[in-house]
Participant: 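My questions all concern the structure below.
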Amino acid sequence: MASTAADAAPHPAGDDPSRRDFIHIAAITAAAGGGIAAVWPFVAQMNPSADTLALASVEYDLTKVEAGQQVTINWRGKPLFIRNRTAGQIAAAVKDDSASMKDPQTDEARHKPGKAEWLVLIGSCTHLGCVPTVGGGEYGGWFCPCHGSVYDTSGRIRKGPAPLNLAVPDYAFLSDTKVKIG
Amino acid sequence: MSGHSTYEPKTGFERWLDVRLPIVRLGYDSFVDYPTPRNLNYWWTFGGILSLCLGVQIISGIVLAMHYTPSAGAAFASVEHIMRDVNYGWLLRYMHANGASMFFIAVYIHMLRGVYYGSYKAPREVLWILGCVIYLLMMATAFMGYVLPWGQMSFWGATVITNLFSALPVVGQAITTWLWGGFAVDSATLNRFFSLHYLLPFMIAGVVVLHVWALHVVGQNNPTGIDPKSKADTLPFTPYATVKDGFAMSLFLILFAVFIFFMPNAMGHPDNYIPANPMVTPPHIVPEWYFLPFYAILRAIPDKLMGVLAMFGAIACIFALPWLDTSKVKSMRYRPQAKLYFFIFLVACVVLGFCGARLPDDQVIPGLKTLSVMDSDLNSFVWLSRISTAYYFGYFLLVMPLLGLFEKPLPTPETISSPVLGGDKKD
């Protein structure tokens, strides 16, 4: 095929260095792109599936929780704490607002306005995900049995290896006695 | 393989096969005529014992998979079905569960033998690294296998270990969700762990082939750490090593049988006979015994990310060992000071394992209250693990590099055979 083109070109067509480079780069790019495109589904299948993502939000009737009591419900496969705090527990949490903490937050910022008695928290220790025991530890909040993290009555980390306060999920009061989480 | 092959095909079929696929020649050169140092002691039998362990785990595991159901709703019940209904199911499961512990007993002895006799030093660095890769794969396999019965320890062990990745900045949470396939450890997690638990042993087998290949290129180390220099220093693999390995395997199998038949749950945890409950963490969760030292290192550090890094760093130190040790003398037989630090290291590892099984704030000496430093009493397991962790890293990062420069080793013999056959100038 080079016999006619060879007169015009300085090199035979097949030896043109820039043409060779172009073919190499194009082939490698196509192979790499194709490789990544083929690997992508295999990586992505590990992420939560549609039905897992579609897990509905939960509603909860607060009249079932007595003062000083905590209930644990299942939300997205994780425990969710709904705690009805006593006046003493709230006062203890507010008193420590200015104490030195790893993840400083006021008690005010951890509950809905005017609903200081209701604390809604994701019940997974922010260290390695164990469920802290209610009422444990020297602050009367929670104590994680796995690695000894201590939370106060506002769910703030006070001692131990956990880096963050117990997480507050997105939730809203539908009425005075009903919350919707998620 | 070292040297030329002495294999001579004896039958017509062997001659025919030898020019097409010299597999009999490979086997003969590797396991019959292969020269082994004549002074190998019983610590050198654990390589063979480990291949036996891998074989037992693969065979018993494949059979168990025929009766097991990998789903959060059915896994626990299917394990009970294996225990109660499947013919000899109890035996197969106890073999597999205790087999994992036996595998780790053997691998720890094998690794410590390598450290003591300097088997990681040039030219055996790649051999050592391949061994470390096998160890890493073993840990991943054992961890995922322990999740499969879907008891309380399975579930919470999986939760704690996968949450280690959430310590990574920025990408941590996304990686954890990706590993779980959900927002918590659940059926999706169990299914993928089952799939990988089935895959990894075959990857181990593949790396074992590379490990043995690398071993046969450089040859075995031996208790003196001196390379064989003549034929007088070696003996053929068969019958010498095969018989010695076979005898050691028999003793090892007796110990294995004692566990299977007389104390099958001694190395397990009773909480794992309670079905997994994502709402309640058992009051005291512990990993399997072979992970306890690393678990103690994790808990010794009061910061989440640093704790996780220290735990992985502890394993990284083992990988880096060939370049951390500066001593030219391989065997600690001729390094009295190294021997002392090695035995302290051994004690530190055992102490770490002991600490990993206890609650961090428990008192080491009951009833004694001392100074509280960094939020914990000095008389607590968390402080004991901190001291042992410091020694663990100190051994790899300070003792290993410095001792080789400052110690005065004892004289080493000229050859392996000279102390035995006489003619050693040193004596």
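So that the names make sense, note that chain A is the first sequence line, chain B the second, and so on, each numbered from 1.
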Participant: For Leu359(B), which atoms come within 4.5 Å of any heavy atom of chain A: side chain, backbone, both, or neither?
Facilitator: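 Interface part for Leu359(B): side chain.
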Participant: Other residues, nucleotides and ligands only: do more than 12 of their heavy atoms fall within 6.0 Å of CZ on Phe319(B)?
Facilitator: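 Yes, enclosed.
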Participant: I'd like a table of the N/O donor-acceptor pairs between chain A and chain B - cut-off under 3.5 Å, distance only.
Facilitator:
| unit_1 | atom_1 | unit_2 | atom_2 | d |
| --- | --- | --- | --- | --- |
| Val43(A) | O | Trp178(B) | NE1 | 2.8 |
| Met46(A) | O | Arg192(B) | NH1 | 2.9 |
| Met46(A) | O | Arg192(B) | NH2 | 3.0 |
| Lys78(A) | NZ | Phe183(B) | O | 3.3 |
| Thr126(A) | O | Lys304(B) | NZ | 2.8 |
| His127(A) | O | Lys304(B) | NZ | 2.9 |
| Leu128(A) | O | Asn163(B) | ND2 | 2.9 |
| Val131(A) | N | Thr281(B) | OG1 | 2.6 |
| His147(A) | NE2 | Tyr295(B) | OH | 2.9 |

Participant: Evaluate whether atom CE of Met203(B) has more than 12 neighbouring non-hydrogen atoms of other residues, nucleotides or ligands under 6.0 angstrom away.
Facilitator: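 Result for CE/Met203(B): open.
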Participant: On a heavy-atom basis, which atom in Pro282(B) and which in Pro145(A) lie closest, and how many Å separate them?
Facilitator: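 Smallest interatomic distance, heavy atoms only, reads O-CG, 4.0 Å.
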Participant: Among the options Ile285(B), Ile161(B), Val286(B), Ile301(B), pick out the one with the most heavy-atom pairs lying under 4.5 Å from chain A.
Facilitator: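 Most pairs with chain A among the choices: Ile285(B).
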Participant: Check each atom of Pro302(B) against the heavy atoms of chain A and say whether the ones under 4.5 Å are side chain, backbone, both or neither.
Facilitator: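 It is the backbone, since no side chain atom gets that close.
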Participant: Any idea which of Gly181(B), Ala174(B), Ala184(B) has the most non-hydrogen atom pairs under 4.5 angstrom with chain A?
Facilitator: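 The answer is Gly181(B).
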Participant: Could you tell me whether Lys112(A) atom NZ has more than 12 heavy atoms of other residues or ligands within 6.0 Å of it?
Facilitator: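 Counting other residues, nucleotides and ligands, NZ of Lys112(A) exceeds 12 neighbours.
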Participant: Just wondering, are more than 12 heavy atoms of other shown residues or ligands nearer than 6.0 Å to CZ in Phe22(A)?
Facilitator: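 12 or below, so no.
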Participant: So which of Cys125(A), Ala44(A), Gly77(A), Cys130(A) has the biggest tally of heavy-atom pairs under 4.5 Å with chain B?
Facilitator: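 It is Cys130(A).
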Participant: Heavy-atom cut-off 4.5 Å, strictly under: side chain, backbone, both or neither for Leu298(B) against chain A?
Facilitator: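 The side chain, not the backbone.
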Participant: Please check if the number of heavy atoms outside Phe202(B) that lie under 6.0 Å from its CZ is greater than 12.
Facilitator: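 Counting neighbours around CZ of Phe202(B), more than 12 heavy atoms of other residues, nucleotides or ligands fall under 6.0 Å, so yes.
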Participant: Using a cut-off of 6.0 Å, state whether more than 12 heavy atoms not belonging to Met46(A) lie near its atom CE.
Facilitator: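 Yes.
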Participant: Would you name the heavy atoms of Val131(A) and Pro278(B) that are closest together and state the gap between them?
Facilitator: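 Here Val131(A) and Pro278(B) meet closest at CG2-O, 3.9 Å.
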Participant: Taking atom NZ as the centre, does Lys115(A) end up with more than 12 heavy-atom neighbours from other residues, nucleotides or ligands that are less than 6.0 angstrom away?
Facilitator: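 Buried by this count: over 12 neighbours within 6.0 Å.
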Participant: So which part of Leu164(B) gets closer than 4.5 Å to some heavy atom of chain A, the side chain, the backbone, both or neither?
Facilitator: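 Both parts, heavy atoms under 4.5 Å.
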